[in-house]
Structures are given as structure tokens and as C-alpha cells.
A.B. asks: 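Right, I'll just put the structure down here and ask away after.
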Protein chains: 2
Amino acid sequence: MTGPIPPLVTTSGTQGGPTDLTLTPTGERPALRADAARNRTRLLEAASHLMSECGAANLTMEAVATAAGVGKGTVFRRFGDRTGLLIALLDHREQQLQAAFLSGPPPLGPDAPALERLHAFGPALIRHERDHHELILAARTDPLRNYTVPANRLRHTHVKLLLRQAGAKGDTDLLAHTLLAAADTALVHHLTVERGMPLDRVEAGWHELLDRLARTS
Amino acid sequence: MTGPIPPLVTTSGTQGGPTDLTLTPTGERPALRADAARNRTRLLEAASHLMSECGAANLTMEAVATAAGVGKGTVFRRFGDRTGLLIALLDHREQQLQAAFLSGPPPLGPDAPALERLHAFGPALIRHERDHHELILAARTDPLRNYTVPANRLRHTHVKLLLRQAGAKGDTDLLAHTLLAAADTALVHHLTVERGMPLDRVEAGWHELLDRLARTS
DNA sequence: ACTTTAAACGGACTTCGGTCCGGTTGGACC
DNA sequence: GGTCCAACCGGACCGAAGTCCGTTTAAAGT
């Protein structure tokens, strides 16, 4: 990872000033040469396939390269590192969720009042994360990287905006972080799987927390 | 890591039922053979020394082993894996903080009202984590492991107990997780270092959050 | 002191992430 | 079509984590 600008996963979602009101999904990509683009999709398909067989934890870069019929160096050039590949896989699966809360029908989408959207967002997020917890946890090697991942920045901005629209008083930036932390994959997995807590209770926790954080007084 | 019971770092702090009211620090260890104990401290000292020279990120197991004058296998036998070694280093540095909130003077210690203790706990925790953020972040390879680390379980139980004593309504278990997440090393580091947020604001966020979570109505 | 055994030891070995660099090629511009 | 170059490709190579297993030893019992 010494290349000048390894065009990793994707930017966007939150590019310019902090008051950018129009959020966009994390899809766009910087324009790749034909062969590179072809190899990119091949690699993602190979990785996705291998993952469904061996599990995300056992996914090796060399295996992906071989399965895609390219050299190992190519994988690293394209995705930077193992985590980059996993994040790219995730990003693809996130499109659905993003579409749902950015432009989908109420109560998640923009045609519902902010507070209602937030209440709907929690369970949607929690379930999405639970569905992909294996991949998400495998992609979390570097604890700081989460805050850089476009999809997560998008979530944060989204929640922050909704909190403001809902008239929440206080440091909405921090409150958004707090709210998102309550739906964190690792936490939810720990609670539900390792400690046997029913998912309902976790979701109830979200609503309860939201009620307290969104107070307008 | 195939050994039957690699007696890793230490247990205790939260052993039995969930209503164990007397918390104890995370110091005790299962009793080691003389040579093993000797090598253990040698290893920790060597690791600590190497870390202060090269940084936690560049600490290699082989270097630690060599510096301590033992074989590589010995390091792994004792600490299980790299993370185990780092956690052991951390555990040692945590004793001070634990003593402060378990048995120290008010407002952190037991001679202050619960809510006041919680308010004092945040800044203490945040600063402690910032002082050791390098080690803490390096030790966080597996996102699920945090919830298993004795020191973190102790913190959680501590906060949960204080919330109850303060008369907080709601799911105190979840609320404790939320509160601790607000002081999480990775988050605080991201906010203060990468985003330039002043530490005061993060601490203010703790107090604000606590006020909302500890509501008794 | 002697035996015994579970525990500890060490270092060769395997595996995998990540780097490097010489060779190849898409595609823009003439 | 020809030239040119930035971007791409691949696989040898490196470093470090973690495993394995034959050898050594602390220490408990006799």
C-alpha cells in the first residue's frame, strides 16, 4: 500500500462541507480502465462465492485471486488490502439499505416525519447488520477505519440530520454517534448471540434511547 | 492456540451471578509454575520496553521473545496470541483507574452519590483511554473480544450498578453499554485527533448523555 | 534423594497479508 | 495505423503470527 492514490472503495456520500443537505449513496467509482473494471467485478464475484463456501474469516487473498484468474498483486492494487476487499463487498450489499432510508417509502424514507424515520431506522439497521454480521465483523480489523468507511459516514450524517430535523437539542453530532453505537454490529452480536438477549429487547433499547436523545427540551 | 485452557490474562471482576455486588479489580492470576511466572514478568517488561521504543503497532512477538531471552513458543503459551499480550500489558496499567473508581476518594470512589460518581467517571475514563490509546487500539483486532476482556466487563458492571443506584429507569444493561460507547477509545480518538474536536466537548457530551440516560422519570 | 508427571520450553515450520518491480496493455492523441 | 505513457498485471519475495512436537524441568508425593 505505497501507491500514490490507490482508488479504494468509493468516496462520496459526504464530500464537501458539513452542511451538505443532499446525501447520495456510496456507489460511484473513479472510472477504471476496461481490463481493470472487468477484473474488479470478477474479483468481487469470486470473493462473494468463496465467502459463501468458506466463510468470511477463511477468505484468503490468494484464493480470491486464483479463483478470479488474476494475480495476487492485482487484488491488492484494486482494493488496497484485505479489509478494503471486504468493505467493497459490504458496500455492494448496503445499496439496498441506503436506498431504503434515502429514497424509499415511509416510515424509513423521506416522506415521514424525522422522528418517525429515526424510530424506523434502528430496527432496519440492526437487522441489516445482523444479516451481514460475519462480513462486517471480518472487515473490522482496524477500529479507526469504521469512521472512514463511506457507508458509515453516510449513516452518521443521516442520523445527525434527522436528529436536527426532529428538533433535538444538544450536540447532535455526538448524539448521532451514540445512537449508531447502540446498533453496532459487535454489540448486537455480543448481546444476542453470546449473551442470549432477544433481539426485541435490543430494538426496544433503540427506541428508548431515541426517546431520550431526541428530547426537544 | 490449541491448548486446553491457556490461562490467559486473568478472570475475576465479574464471576458469578449477575447480582454480584462486590466488584474486585482484575489482578488475580491462576498460579503459575516458578519459571513460568518469572518468564511472564520478563516478557511483560520486555514488551513494555520495546513498546516505548518502537510503538505498539511495531511490536513483534519474536522481538519480545528474544528481548526476554525466551523462545517464541513461550510467549504464545503464556498469552495465547498477540492481542493477549497487549491486553495483559493494558490490564496492568488499568489497576490505577480501577482502584480509583472502586475504592478511591470521592467523587469517583464509593463515598459519593451514584450520579455524581458517574459524572466523574466519564472524564476519568476518557482521559485514561486517551493516555493509552495506542495500546488500546493495537489490542483491538477482534471486535468481539472487547466484551470478554475482564477490565471492560468490570467497567460495564460498574456503570450498570451506578445507574441503578442513581434510580435510572429503563434497561440499565443497555444504557450502560451506551454510556461506555460514548467514551470508547476509537470514537474519542477519531473525534479529537482526526476531526479536531476539543476534548472538552467530548466530555460535555458525556455529561449531557448521562443526564438524559439517568432520568428517573 | 528418587520417581513421576503435568507443565513449560524452544525453535523449526506453515500460512497468509502485503510489497516490489520488470513486463504488458488499454486508449488518448497525433 | 503509429506512438507513447500511465495504468495495469503477475508472481516471486518478505515479514510476522501462530502451530507443532520433541525435549527439559519444577515440584509434589514416597
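When reading the values below, keep in mind they use all heavy atoms of this one structure, side chains included, and skip hydrogens, waters and symmetry mates. In what follows, chains carry the letters A, B, and so on, assigned in the order in which the sequence lines appear, proteins first and then strands, with residues in each chain numbered from 1.
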A.B. asks: Using the salt bridge (charged side-chain N to carboxylate O under 4.0 Å, His left out) criterion, which residues pair with B/D35? Sequence neighbours excluded.
C.D. replies: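 Residues passing salt bridge (charged side-chain N to carboxylate O under 4.0 Å, His left out) with B/D35: B/R33.
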A.B. asks: Atom pairs under 3.5 Å, N or O on each side, protein against nucleotides 10-12 of chain C: can you list them with distances?
C.D. replies:
unit_1, atom_1, unit_2, atom_2, d
C/dG10, OP2, B/G71, N, 2.7
C/dG10, OP2, B/T74, OG1, 2.9

A.B. asks: Of all residues at least two apart in sequence or in a different chain, which pass the side-chain contact (heavy atoms from CB on, under 4.5 Å) check with A/H156?
C.D. replies: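 A/H156: side-chain contact (heavy atoms from CB on, under 4.5 Å) contacts with A/K160, A/D173, A/A176, A/H177, A/L180, B/R195.
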A.B. asks: Rounded to the nearest angstrom, tell me the gap between atom CZ in A/F79 and atom P in D/dC8.
C.D. replies: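 So the two atoms are 12 Å apart, to the nearest Å.
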A.B. asks: State which residues pass salt bridge (charged side-chain N to carboxylate O under 4.0 Å, His left out) with B/R42; sequence neighbours excluded, sorted by chain then number.
C.D. replies: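 With sequence neighbours excluded, B/R42 shows a salt bridge (charged side-chain N to carboxylate O under 4.0 Å, His left out) to no residue whatsoever.
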A.B. asks: With sequence neighbours excluded, tell me which residues meet salt bridge (charged side-chain N to carboxylate O under 4.0 Å, His left out) with B/R155.
C.D. replies: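 B/R155 satisfies salt bridge (charged side-chain N to carboxylate O under 4.0 Å, His left out) with B/E94, B/E129 only.
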A.B. asks: Indicate whether OP1 or OP2 belonging to D/dC8 is found under 4.0 Å from a side-chain N or O atom of A/R78.
C.D. replies: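 So the side chain of A/R78 is within the cut-off, an N or O lying under 4.0 Å from OP1 or OP2 of D/dC8.
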A.B. asks: How would you list, by chain and number, every residue that makes a salt bridge (charged side-chain N to carboxylate O under 4.0 Å, His left out) with B/R127, sequence neighbours excluded?
C.D. replies: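 Listed in chain order: B/E203.
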A.B. asks: In whole angstrom, give the distance that lies between atom CZ of B/R82 and atom P of D/dA17.
C.D. replies: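 Rounded to whole Å, this separation is 6 Å.
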A.B. asks: Can you confirm whether more than 12 heavy atoms, excluding those of A/H207, are under 6.0 Å from its NE2 atom?
C.D. replies: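 More than 12 within 6.0 Å, yes.
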A.B. asks: Rounded to whole Å, how long is the line connecting atom CZ of A/R40 with atom C1' of D/dC9?
C.D. replies: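 In whole Å, D/dC9 C1' and A/R40 CZ are 17 Å from each other.
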A.B. asks: Measure from CZ on B/R42 to C1' on C/dA8 and round the result to the nearest Å.
C.D. replies: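 Rounded to whole Å, this separation is 14 Å.
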A.B. asks: Tell me which one of B/V202, B/L125, B/V193 satisfies side chain to side chain contact (heavy atoms under 4.5 Å, CB included) with B/V188.
C.D. replies: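 The residue from B/V202, B/L125, B/V193 that satisfies side chain to side chain contact (heavy atoms under 4.5 Å, CB included) with B/V188 turns out to be B/V202.
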A.B. asks: Test: side-chain hydrogen bond (donor to acceptor under 3.5 Å, both in side chains). Region: residues 132-142 of chain B. Which pairs qualify, not counting sequence neighbours?
C.D. replies: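 Listed once each, the pairs are B/R140-B/N146, B/R140-B/D184.
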A.B. asks: Residues two or more places apart in sequence or in another chain: which of them pass side-chain contact (heavy atoms from CB on, under 4.5 Å) with A/A47?
C.D. replies: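 Per chain and number, A/A47 pairs via side-chain contact (heavy atoms from CB on, under 4.5 Å) with A/L59, A/V64, A/L85, A/L89.
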A.B. asks: With the sugar-phosphate defined as primed atoms, P, OP1 and OP2, and the base as all remaining atoms, what B/S/- string results for nucleotides 23-30 of chain D, 5' to 3', for protein heavy atoms under 4.0 Å?
C.D. replies: --BSS---
A.B. asks: Considering only heavy atoms, which members of residues 47-65 of chain A lie under 4.0 Å from some atom of DNA chain C?
C.D. replies: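 Within this stretch, A/L59, A/T60, A/M61 sit under 4.0 Å of the strand.
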A.B. asks: Which residue pairs satisfy the side-chain hydrogen bond (donor to acceptor under 3.5 Å, both in side chains) criterion with at least one member in residues 48-73 of chain A, sequence neighbours excluded?
C.D. replies: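 Residue pairs passing side-chain hydrogen bond (donor to acceptor under 3.5 Å, both in side chains), neighbours aside: none found.
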A.B. asks: Could you tell me which residues satisfy side-chain contact (heavy atoms from CB on, under 4.5 Å) with B/E194, sequence neighbours excluded, listed by chain and number?
C.D. replies: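 With neighbours one apart ignored, the set is A/L144, B/H189, B/H190.
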